There are 2 protein chains.
Amino acid sequence: MITLSLLTDELGRIETSLHQAGLKLTPQRKATVKTLLKNHTRHLSAEELFALVKEDEPEIGLATVYRTVEVLAELKIVNRVTFEDGMTRYDLRTSDNGHFHHHLLCQKCGKVQEIHEDLLTDVEKQVWQRFGFKVLDHRLTLMGICQDCLAKEQQAKDDL
Amino acid sequence: MITLSLLTDELGRIETSLHQAGLKLTPQRKATVKTLLKNHTRHLSAEELFALVKEDEPEIGLATVYRTVEVLAELKIVNRVTFEDGMTRYDLRTSDNGHFHHHLLCQKCGKVQEIHEDLLTDVEKQVWQRFGFKVLDHRLTLMGICQDCLAKEQQAKDDL
DNA sequence: CTGTTTGCAAAGTCTTTGCACAATC
DNA sequence: GATTGTGCAAAGACTTTGCAAACAG
């Protein structure tokens, strides 16, 4: 969950980044960032983001949303992520997840869970030793069944 | 490298899969599969594949290439892979790489190298223990600098 | 005020689909 | 010969761009 004061903090931080780049915090951008903050676990696509931002800012156009996420990606405020559905999704980097994180994609309910633990240190060391490849960044998506869906499956079995 | 006899073997195996599904090995499909076999390390996009197949089969249409990879994906003969550029690429599963493999994407030269080692056993165990998430499949892309590019960089330094 | 930003609509990519003709088994 | 497959062109999904009007700093 995100608290109101945290939201204000992040917004301020982002406004500063924009201003340093000579850009403006327009109502449209503000609404877009707020929506991303409020849904920071959801990995929204452009269309989804557009639909949500419209609740706050009904006049906004889809093109503006695309342009805003473009700007935010350049300023490293959001990450662009592409899952196997080929659709680009956006994912805020809050102060506590500055480094890239991993995704657990549930194949039952479609939920995406982030994990911030650094699980790959060892893997990256191996890749360096065995292939001479110097790792700078990584994308890891694990597909499977989440805890909730497993519990539901178990429940269904018990009910028989 | 792929030898001629290996290519014939794989083609035969694929023809059988097609026939089992009531599908035909047309010249277009044959040319597409051959191109995929010959370039099995390259992770071709539809357009790239189309351009290459055209050398063998100049009459082929782009739509046919799309339909062919669709069929091949359903038969688990190719994997669909999406990198961060958002473009879908296709990647043959030969008999020796039936399980899903990882990718090393060089940010200097754009080359994609596959690694077949199973590096994630430990990671998947941790995810199960810590999050109760049951992993069924995974996608891992490591971005960085490949051995060749590192060597070139080193060379450039030495030349100064 | 001045350069940015916006909304709209038009254009661009990549991919899928409809249909009449052609080819395979 | 019946069914599956093909090429083309048209349509679809997602994203980008051009432009005049609106706005933030």
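So you know, we letter chains A, B, ... as the sequences are listed, proteins then strands, and number each from 1. Keep in mind the model is a prediction, meaning the values are calculated, not measured. Every heavy atom of this structure was used, including side-chain atoms; hydrogens, water molecules and symmetry mates were not.
A residue-by-residue look at B:Thr26 and A:Val71 shows that A:Val71 has its nearest nucleotide of DNA chain C further toward the 5' end. Judged by closest nucleotide on DNA chain C, B:Ser45 is the one of B:Glu15 and B:Ser45 placed further toward the 5' end.
Contact check, B:Tyr66 against C:dT15: a side-chain N or O comes under 4.0 Å of OP1 or OP2. For the OP1/OP2 pair of D:dG7 and a distance below 4.0 Å, the side-chain nitrogens and oxygens of B:Thr64 include at least one atom meeting the criterion.
Distance, A:Leu75 CG to C:dT4 C1': 14 Å, rounded to whole Å. Taking atom CZ of residue B:Arg80 and atom P of nucleotide C:dC14, one finds them 16 Å apart after rounding to whole Å. A straight line from CG of A:Leu72 to P of C:dT5 spans 12 Å, rounded to a whole angstrom. Between B:Leu62 atom CG and D:dT6 atom C1' there is a gap of 13 Å when expressed in whole angstrom units. Counting to the nearest Å, the C1' atom of D:dT16 and the CD atom of A:Glu70 are 9 Å from each other. When rounded to the nearest whole Å, the span between CZ of A:Arg67 and P of C:dA9 equals 14 Å. Atom CD in B:Glu47 sits about 12 Å away from atom P in C:dT16, given to the nearest Å. Spacing between atom CD of A:Glu74 and atom C1' of C:dT5 amounts to 15 Å, rounded to whole angstrom units.
Within 4.0 Å of B:Arg29, counting heavy atoms only, lie sugar-phosphate atoms of the nucleic acid but no base atom. Here B:Thr88 lies in heavy-atom contact (under 4.0 Å) with sugar-phosphate atoms only.
The side chain of B:Gln28 sits closest to D:dT6 out of D:dT6, C:dG7, D:dT4. Side-chain proximity of B:His19 to D:dA24, C:dC25, C:dT17: nearest is C:dC25. Listed nucleotides D:dC8, C:dA23, C:dT6 differ in distance to B:Ala63; the shortest reach to its side chain belongs to D:dC8. Nearest nucleotide to the side chain of B:Lys24, out of C:dT5, C:dT24, C:dC14: C:dT24. Checking D:dT4, D:dG7, C:dG7 against every side-chain atom of B:Ile60, the shortest atom distance belongs to D:dG7. Among the nucleotides C:dG7, C:dT24, D:dT4, the one closest to any side-chain atom of A:Glu59 is C:dG7.
Interatomic distance, B:Arg80 CZ to B:Glu74 CD, rounded to the nearest 0.5 Å: 8.0 Å.
Taking the charged nitrogens against the carboxylate oxygens, A:Arg67 and A:Glu70 have no contact shorter than 4.0 Å, which rules out a salt bridge.
Side chains of B:His43 and B:Glu48: no donor on one and acceptor on the other come within 3.5 Å.
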| Going through the checks in order, is the side-chain contact (heavy atoms from CB on, under 4.5 Å) test met by B:Glu15 and B:Lys30? | CA-CA 9 Å; B:Glu15 180 161 20; B:Lys30 196 170 189 169; over 6 Å; no
| message | The test is side-chain contact (heavy atoms from CB on, under 4.5 Å); show your working for A:Leu18 and A:Lys24 and say whether it passes. | response | CA-CA 6 Å; A:Leu18 284 169; A:Lys24 297 166 185 175; over 6 Å; no
